[in-house]
Amino acid sequence: MAFEIKRKNYTVRLSDPILYVDNESRKRSGHMTHAMVEYAPGKVIDFNANCSAVRHNGHSTYGWVEYRLSEDSGETFSEIHDLPYAYESFTDGLQMISVEKAVGCDNGRIVALCLRNDPVSVCQPWNTPTAVYSDDGGKSWSEPYEISPYAGRIYDAVYHKGIIYFLEFCNPGDGFFCGEKEEHVYRIYRSVDDGITFEEVCVVPVPSMGRGYGAMIFDEKDDLHVYAYNVNDERHMDHIISHDCGITWDEPSTCYLSIGIRNPQVAIIDGIFILHGRAENVSGFALYSSEDGSIWEDGTYIGQSRGGCYYSNNIVLKDKDGSNRLLIQYSDLYSGDAAVNVYHAWLKVEK
């Protein structure tokens with residue numbers, strides 16, 4: 001169902017959903033793994049999970065990672081490819097691999113940032129994160145290598161002025177996925193050599209108790225925004241800004257979100273911030289917009305169901321006429337409370 005959301009200074013338009021991965025027909029599910037990146041002009045790699053629809057009712061990472069390629073800015077996609085690292089890990093049975101974030105470098109390298117978890121549970125406990133990279137547009141991949149000494153989950157990654165940054169919540173997940181101990185903190189790492197090595201930039205000075213999920217983005221002034229989910233108050237998302245790429249930070253604040261947010265994903269298109277993710281109490285798929293990334297307009301429900309779905313991601317691409325459009329990828333139920341298909345929707349901002 002298409003949407004038009006009118007704001008004072010702009011209008012947000014969202015297309016009808018497009019079925020991208022038909023898990024229902026193949027009796028599979030697609031929990032997590034929604035990384036997308038443009039690694040060269042018009043060339044896109046889009047990852048998705050091929051998971052069991054039976055284990056945990058489809059809400060687990062028990063399976064492997066697939067990807068498809070596009071050479072027309074996401075208009076059409078190739079046949080399915082299996083990510084070797086994830087498939088081999090699945091067949092070995094020791095750990096499951098997810099690719100929640102990826103970046104494309106100026107030299108065309110694709111760096112996939114990987115989550116490793118126990119194969120029995122839904123998706124945790126977590127091991128230390130790893131990465132694999134491709135220098136030939138996804139035809140072949142490097143061997144996996146560790147990119148942080150802390151067990152946890154990478155919630156976001158960006159490529160900014162030739163540097164890769166990723167945001168990790170350092171919590172091994174052997175208890176609750178949100179922060180329970182002082183050492184459960186958000187850290188930012190960076191790589192200046194296109195993902196070969198990483199170094200810690202900082203511990204992000206936001207509250208960590210009861211926090212989980214997160215998002216990170218550079219705005220058009222090169223300020224770095226970090227957002228964190230608060231399990232005890234889903235209508236107030238933590239927000240903090242750095243003006244020097246994570247070295248120092250302003251005082252943390254909170255953003256009010258009228259229908260709440262979980263697993264937030266953020267983008268900037270034509271100067272407008274877009275935020276989407278699960279609404280509070282898993283009540284649907286929420287979409288917000290903002291002119292400054294701090295004060296958000298009232299949320300809009302854009303999904304049709306509720307339950308263990310609405311993991312999502314996004315990427316800004318060019319339309320045929322050269323204008324910007326945001327590709328949103330998300331999971332939505334086809335059966336029960338957690339077996340999901342994967343959909344695409346296109347978002348545009350008109351001023």
Side-chain angles (χ1 to χ4, degrees), residues 1 3 5 14 17 19-21 23-24 28-34 48-49 51-63 98 100 115 117 121-124 126 153 155-156 169 171 173 175-180 209-215 227-238 254-267 274-289 296-314 328-345 347:
M1 178 177 186
F3 282 88
I5 307 168
L14 189 70
L19 181 61
Y20 177 61
V21 182
N23 283 318
E24 182 175 12
R28 301 293 287 171
S29 189
H31 187 55
M32 297 166 54
T33 297
H34 292 286
N48 65 273
C51 299
S52 169
V54 177
R55 187 173 292 227
H56 299 289
N57 296 317
H59 191 86
S60 82
T61 59
Y62 190 77
S98 300
E100 294 197 271
L115 168 72
N117 71 266
S121 65
V122 173
C123 72
Q124 59 188 94
W126 299 301
R153 187 170 169 184
Y155 281 121
D156 213 344
F169 190 54
N171 174 1
F176 192 42
F177 80 96
C178 291
E180 297 181 299
M209 295 297 99
R211 270 54 175 193
Y213 300 123
Y227 301 93
Y229 162 70
N230 184 349
V231 70
N232 298 309
D233 186 353
E234 294 186 302
R235 293 198 177 192
H236 287 89
M237 177 176 65
D238 294 289
T254 59
C255 303
Y256 174 71
L257 302 168
S258 61
I259 54 176
I261 200 73
R262 296 188 188 185
N263 47 299
Q265 302 292 311
V266 66
I274 300 295
L275 171 70
H276 54 83
R278 289 175 179 151
E280 66 176 342
N281 299 319
V282 202
S283 58
F285 194 21
L287 177 74
Y288 299 89
S289 63
W296 297 86
E297 303 280 1
D298 285 344
T300 301
Y301 286 105
I302 60 174
Q304 302 302 310
S305 57
R306 56 183 295 164
C309 56
Y310 298 133
Y311 271 87
S312 59
N313 207 340
N314 59 62
I328 298 175
Q329 178 168 302
Y330 63 95
S331 60
D332 205 347
L333 296 177
Y334 72 79
S335 177
D337 62 358
V340 297
N341 289 320
V342 180
Y343 288 86
H344 282 172
L347 182 149

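As a basis for the values below, the full set of heavy atoms in this structure was taken, side chains included, without hydrogen atoms, waters or symmetry mates.
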> If every non-hydrogen atom of Tyr229 is compared with every non-hydrogen atom of Pro264, which pair is closest and at what distance?
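Minimum heavy-atom contact is CB-CD, 4.3 Å.
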> Check ring pair (Phe, Tyr, Trp, His ring centres under 6.0 Å) between Tyr334 and all other residues, then give those that pass, not counting sequence neighbours.
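Residues passing ring pair (Phe, Tyr, Trp, His ring centres under 6.0 Å) with Tyr334: none at all.
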> When rounded to the nearest 0.5 angstrom, what distance separates OH in Tyr288 from CH2 in Trp296?
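It is 10.0 Å, given to the nearest 0.5 Å.
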> Check step by step if side-chain contact (heavy atoms from CB on, under 4.5 Å) holds for Ile5 and Leu287.
CA-CA 10 Å; Ile5 307 168; Leu287 177 74; 3.8 Å; yes
> Decide yes or no on side-chain contact (heavy atoms from CB on, under 4.5 Å) for Leu275 and Met237, but give the supporting numbers first.
CA-CA 11 Å; Leu275 171 70; Met237 177 176 65; 3.8 Å; yes
> Output all residues satisfying side chain to side chain donor-acceptor pair (under 3.5 Å) with Glu297, sequence neighbours left out; order by chain, then residue number.
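If we apply the side chain to side chain donor-acceptor pair (under 3.5 Å) test to Glu297, skipping adjacent residues, there are no hits.
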> Which is it for Ser312 and Phe285 under the side-chain contact (heavy atoms from CB on, under 4.5 Å) test, yes or no, and what are the steps along the way?
CA-CA 9 Å; Ser312 59; Phe285 194 21; 3.9 Å; yes
> What do you reckon, are the aromatic ring centroids of Tyr256 and His236 less than 6.0 Å apart?
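Yes, close enough.
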> Nearest heavy-atom pair of His59 and Ala338: which atoms, and what distance?
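Minimum heavy-atom separation between His59 and Ala338: CB-CB, 3.3 Å.
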> In Å, rounded to the nearest 0.5 Å, how long is the span from CG of Leu333 to CD of Glu24?
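Nearest 0.5 Å value for the CG-CD distance: 11.0 Å.
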> Just to verify, what does Tyr62 make a ring pair (Phe, Tyr, Trp, His ring centres under 6.0 Å) with, not counting sequence neighbours?
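Scan of Tyr62 (ring pair (Phe, Tyr, Trp, His ring centres under 6.0 Å), adjacent residues dropped) gives Phe90.
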> Taking Arg278 for its side chain and Tyr311 for its backbone only, find out whether a donor-acceptor pair lies under 3.5 Å.
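No: the side chain of Arg278 does not pair with the backbone of Tyr311.
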> Okay, side chain of Tyr20, backbone of Ala345: is any donor-acceptor separation there less than 3.5 Å?
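Not confirmed, Tyr20 side chain does not pair with Ala345 backbone.
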> Could you grab the distance from atom CZ of Phe169 to atom CZ of Arg211, nearest 0.5 Å is fine?
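That separation rounds to 9.5 Å.
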> I want to check something: taking the side chain as every heavy atom from C-beta on, are Leu347 and His276 in contact at a cut-off of under 4.5 Å?
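No. Closest side-chain heavy atoms not under 4.5 Å.
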> Looking only at non-hydrogen atoms, find the nearest pair between Thr33 and Gln329 and report the distance.
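Thr33 and Gln329 have their closest heavy atoms at O-NE2, 4.3 Å.
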> Under 3.5 Å, side chain of Ser29 to main-chain N/O of Val340, donor-acceptor pair present?
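Such a contact is found between Ser29 side chain and Val340 backbone.
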> Got a second to check how far Ile328's CD1 is from Ile302's CD1, nearest 0.5 Å?
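Between Ile328 CD1 and Ile302 CD1, I get 5.5 Å after rounding to 0.5 Å.
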> Test your reading of the model: is there a side-chain donor-acceptor pair from Ser331 to the backbone of Val342, 3.5 Å cut-off?
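The answer is no, because no donor-acceptor pair under 3.5 Å joins these two groups.
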> Spell out, as yes or no, whether a donor-acceptor pair under 3.5 Å connects the side chain of Arg235 to the backbone of Asp233.
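The answer is no, because no donor-acceptor pair under 3.5 Å joins these two groups.
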> To check you understand the geometry: which heavy-atom pair defines the closest contact between Cys178 and Gly210, and what is its length?
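Here Cys178 and Gly210 meet closest at CB-C, 3.7 Å.
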> Give a yes or no answer on whether the side chain of Asn171 reaches the backbone of Phe177 with a donor-acceptor pair at less than 3.5 Å.
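Yes, the answer is positive, given that a donor and an acceptor are paired below the 3.5 Å cut-off.
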> Could you grab the distance from atom CG of Asp298 to atom CD1 of Ile259, nearest 0.5 Å is fine?
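Asp298 atom CG to Ile259 atom CD1 measures 8.5 Å (nearest 0.5 Å).
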> Between Gly277 and Ile261, what is the shortest heavy-atom contact and its length?
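Scanning both residues, the minimum pair turns out to be N-CD1, 3.6 Å.
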> Using a 3.5 Å distance criterion without hydrogens, assess whether the side chain of Asn341 forms a donor-acceptor pair with backbone atoms of Asn23.
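Yes, the answer is positive, given that a donor and an acceptor are paired below the 3.5 Å cut-off.
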> Taking atom types as modelled and ignoring hydrogens, do the side chains of Tyr227 and Asp238 form a donor-acceptor contact shorter than 3.5 angstrom?
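Side-chain D/A pair, Tyr227 to Asp238: absent.
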> Please name the pair of heavy atoms, one in Cys123 and one in Arg153, separated by the smallest distance, quoted to 0.1 Å.
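Smallest heavy-atom distance, with atoms named: SG-NH1, 4.3 Å.
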> Determine whether a donor-acceptor pair (N or O, by modelled atom type, separation under 3.5 Å) exists between the side chain of Glu234 and the backbone of Asn281.
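Present.
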> Is there a side-chain contact (heavy atoms from CB on, under 4.5 Å) between Asp337 and Val282 once you walk through the steps?
CA-CA 11 Å; Asp337 62 358; Val282 202; over 6 Å; no
> Where the side chain of Ser258 meets the backbone of Gly299, is there a donor-acceptor pair that is under 3.5 Å apart?
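The answer is yes, because a donor-acceptor pair under 3.5 Å joins these two groups.
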> Flag the pair Tyr330 / His34 as yes when their ring centroid distance falls below 6.0 Å, and as no otherwise.
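No, ring centres 6.0 Å or more apart.
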> Please answer whether the main-chain N or O of Glu100 pairs with a side-chain N or O of Ser98 as donor and acceptor at a distance below 3.5 Å.
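It does not hold such a pair.
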